[in-house]
Each structure stands twice: as structure tokens, then as C-alpha cells.
Amino acid sequence: MTPLSIDAERLTGRLQELGQIGRDGDGRLVRLAASDADKAGRDLFVAWLREARLDLIVDRIGNIFGIWKDGANTDEAPVLLGSHIDSVIDAGIYDGCYGVLAGLEVIETLKAAGFVPARPMAVAAFTNEEGVRYTPDMMGSLVYAGGLPVEEALTTIGTDGSILGAELERIGYAGPEEPGFLKPHAYVELHIEQGPVLEREGVPIGAVENLQGISWQRITIQGDANHAGTTPMSMRRDAGHAAARVVTFLRDRARNANTPTVATVGCMSFEPNAINVIPSRATFTVDLRDPDEGRLRAEEAALAAYLRELAVAEDVAISVEQLARFEPVIFDRRIVNLVEDAARKRGLASKRMTSGAGHDAQMIARIAPSAMIFVPSKGGISHNPREHTPDADLVAGANILLDVVTRLAAE
Ligand code: HGY
Ligand code: MN
Ligand code: MN
């Protein structure tokens, strides 16, 4: 008997359609949390939820839920699918959106096939997974899982000086429901790998068993502005140079460590930012990650020690603000086995792997058995408009999600 399959054209067509929402004047995809572009993407997703005749609920942090109850025992906890539709700057079209639209696709496929689930099913689009405009990342799912009070999250000030709660009100997604209103029986998130492993090994399905720890910091170095031409090198308090030393310290340490540790300085700004003025201030971010909590702590301690030495050596003042800190997460073994089992039954190879990226699943894992399914990323590229996954891989991943969810919904 041919196994049930999702509607490939509908899924890939919607991915392309949503992928056009939130393009800026240069054609870049910039759908930052709670922006007008995010609103437009949310509105399109909500329209598809209504078309699918799902119950629509929005919670106070703007998480959107489409819930399918027909015939199910509504006393039972639902199987939850989902991801996010907010993006980074100049993003690809698959990160997050693939998991949200595949979750909806799975529900629509099961409905059309006359499947009567023993328990309800729901698909969620979580607010502000990327954390680019408001930190921390995975904010909507973190609030949903009880890791951050919603009142505190709503007061978050963005990189543009906006306030998250006011922005959610403005775009019409400050919902009434308390975050955490629905306790999932299980959560499964389908996502592009965003790394090179699956493509390099020619494996179509990743059974994600764990996710690495994340540490985000904002560092401010205060020196002295002075004349670029008249100030001798020995008399400078150059915040720009000190910042550059931190960047090379982090990179050299991570590259030479021979561990999975990764370190990234993604944002940096100088003041007064003038060609002939020695920077008085440098503000930059540090993203440290490692699957091992002990090593991640050691990396944070090494950076702190280096900053203390640097402050003395460069005669500058250095302050640090923690923006996000999440420990590594181990996903639910049973669901990981279901993913491998589903792949085997469809004749697909699968590989157990660690997620290098953060995902909403790491937050929902705090309140329900959770796991993730990866599909290959072309060239391992993501957070980049060249992000791509072939349709055949997108469909294969969605069918594995379909099979896993069918098993979970029937129990
Ligand atoms: O930062 C991350 O790993 C995710 O894309 N928010
Ligand atoms: Mn993502
Ligand atoms: Mn991302």
C-alpha cells in the first residue's frame, strides 16, 4: 500500500509565496519580529489556517496556533508541530517557514485523508525565534514554556528602540490567550539543517538528538576619541583596536580548540564612527555555542579573563551584558527513534545529529517530549539568501513528519 503523502505542490508553492513576503527595497528578505513584514507573513499564515478550518488562537506574546480537534478526544493533550516565520536580515525562505508550513500541510493531508486523530493536533508559529530585533532568540517559545514571564518579554526594547509589546499591539498580534495555555503531548519540529553534514554525507533525513548551548553577550568598550593624525600610537585609548583584538581572540581560540565550540561576532559599531577619529566606543555582540555545558562555561570564563587583561593593556573600560543563555538540550529518545523508524519505512537513510542552531524545540522540550527532523541545506548555507533545499528533500522531510505525527496522534 502506498503510504500517504503530503501535497508537494501546495507545500512548495506556499513556501515560495511566503518567501516573497517581507522583501525590502533591495529585494532582501527581512521579516523581523513584530515588524510590518512580519505582520504580512502572519496574515498570510492565518489566512491558510482559516482555509484549513483550524481553530485559531493567538497568545499574549503573539504566538499563533492552528488547532485541529474534529473527532479527536479533546481531553487529550495535542500533538504540536511548528517553528517560526520571522527571519534574520537578508534571509533565505526556508528557515522556520518550512517547519510551520509543513506542520500545516501534515494536518491538512490527514484531514483530507479522513484520519481521525485520538488527540488534537496543532501547528504553531512562534514569535521572535531569531532574536535579531529583540533578544533573546526563541523568545516566543521561551515565554510559552514558562522560561520568561510574558510581561517582561513584552517590555523588551529592540535594536531600533521599539518596544515588543507595543509593536505586537500595532500589528494586531497581541493575542488574548495566556502563553502555555495548551500543554502538548509531544512537539516535533521540522527544519532545514542549516549546516553541511546531511548534504556532505548524502543523507536526506536528520534525526536530531540534541541541540547545543548558546551564550549571547553584548560588549561595550569605552576608550577616548582623539585625532587620528596627531595622537601618537603610544598615547591612544583606542576602543576600535581593543574590539578587534577580541574578535581575533575568539576566532583563534575557537579554531585552535579542536572542539565543536563556535564563536561569532555578528554586530559591531564604533562611535563617533568617523574616518579621522580614534573610536571612543566600540559596541559588539558575541555568540558562543557548544554542545557541552562545561566547555561553554569555560569559553565564557576565558573571554571574561581576556577582557580583564585587555582593559588594563589598552587602558579602556569594558562592560558586558548577557543577552541570552541557554544550556544544551537533549531531545526525546522515543521520538528520535520514531523519526529513524519512519525514514527506514520510507526507504530513506537517516543520521542522528546535533543541532548547531537554536530552535523553538529547545524551549518546548521544557514542557513536552520534543524532537526535530532535519533536511539537507545546499552547501550548508543558511541565514543567507542562497539558502536552498531541493523540493524532493522538502517533501521527504514533510512525509517523515507526517508519519511521526500520525504515530504520536494515534497513541
Ligand atoms: O540563533 C539561532 O541559532 C537561531 O537561528 N535563532
Ligand atoms: Mn530557524
Ligand atoms: Mn534562523
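For the single chain, residues carry numbers from 1 onward in sequence order. Indexing begins at 1, ligand by ligand and atom by atom, following the structure's order.
- None of Asp287, Leu288, Thr264 except one satisfies the side-chain contact (heavy atoms from CB on, under 4.5 Å) rule with Trp216; the exception is Asp287.
- In the model, Tyr173 has no side-chain atom that pairs as donor or acceptor with a side-chain atom of Asp59 under 3.5 Å.
- No salt bridge links Asp36 with Lys39; every basic N to acidic carboxylate O contact stays at or beyond 4.0 Å.
- His241 meets the ring pair (Phe, Tyr, Trp, His ring centres under 6.0 Å) test with no other residue; sequence neighbours excluded.
- With hydrogens and angles left out, the side-chain atoms of His84 and Asp95 include a donor and acceptor closer than 3.5 Å.
- Applying the salt bridge (Lys or Arg N to Asp or Glu O under 4.0 Å) test to every pair with at least one member in residues 254-273, sequence neighbours left out, gives these pairs: Glu271-Arg281.
- Defined by atom type and a distance below 3.5 Å, a donor-acceptor pair is missing between the side-chain atoms of Thr12 and Gln16.
- Side-chain contact check for Ile6 versus Val395: some heavy-atom pair is nearer than 4.5 Å.
- Taking distances strictly below 2.8 Å, the protein N/O/S atoms close to the Mn ion (ligand 3) are Asp95 OD2, Glu130 OE1, Glu130 OE2, His383 NE2.
- Annotation: Asn256, atom CG; neighbour count of heavy atoms from other residues, nucleotides and ligands within 6.0 Å is above 12.
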Per-pair distances, ligand 1 N/O vs protein N/O, less than 3.5 Å:
from: ligand 1; atom 1: 1 (O); to: Asp137; atom 2: OD2; distance (Å): 3.2
from: ligand 1; atom 1: 1 (O); to: Arg289; atom 2: NH2; distance (Å): 2.8
from: ligand 1; atom 1: 3 (O); to: Arg289; atom 2: NH1; distance (Å): 2.6
from: ligand 1; atom 1: 3 (O); to: Arg289; atom 2: NH2; distance (Å): 3.2
from: ligand 1; atom 1: 3 (O); to: Gly358; atom 2: N; distance (Å): 2.7
from: ligand 1; atom 1: 5 (O); to: Glu130; atom 2: OE1; distance (Å): 2.9
from: ligand 1; atom 1: 5 (O); to: His383; atom 2: NE2; distance (Å): 3.3
from: ligand 1; atom 1: 6 (N); to: Glu129; atom 2: O; distance (Å): 3.3
from: ligand 1; atom 1: 6 (N); to: Glu129; atom 2: OE1; distance (Å): 3.3
from: ligand 1; atom 1: 6 (N); to: Glu129; atom 2: OE2; distance (Å): 3.2
from: ligand 1; atom 1: 6 (N); to: Glu130; atom 2: OE1; distance (Å): 3.2
from: ligand 1; atom 1: 6 (N); to: Asp137; atom 2: OD2; distance (Å): 3.4

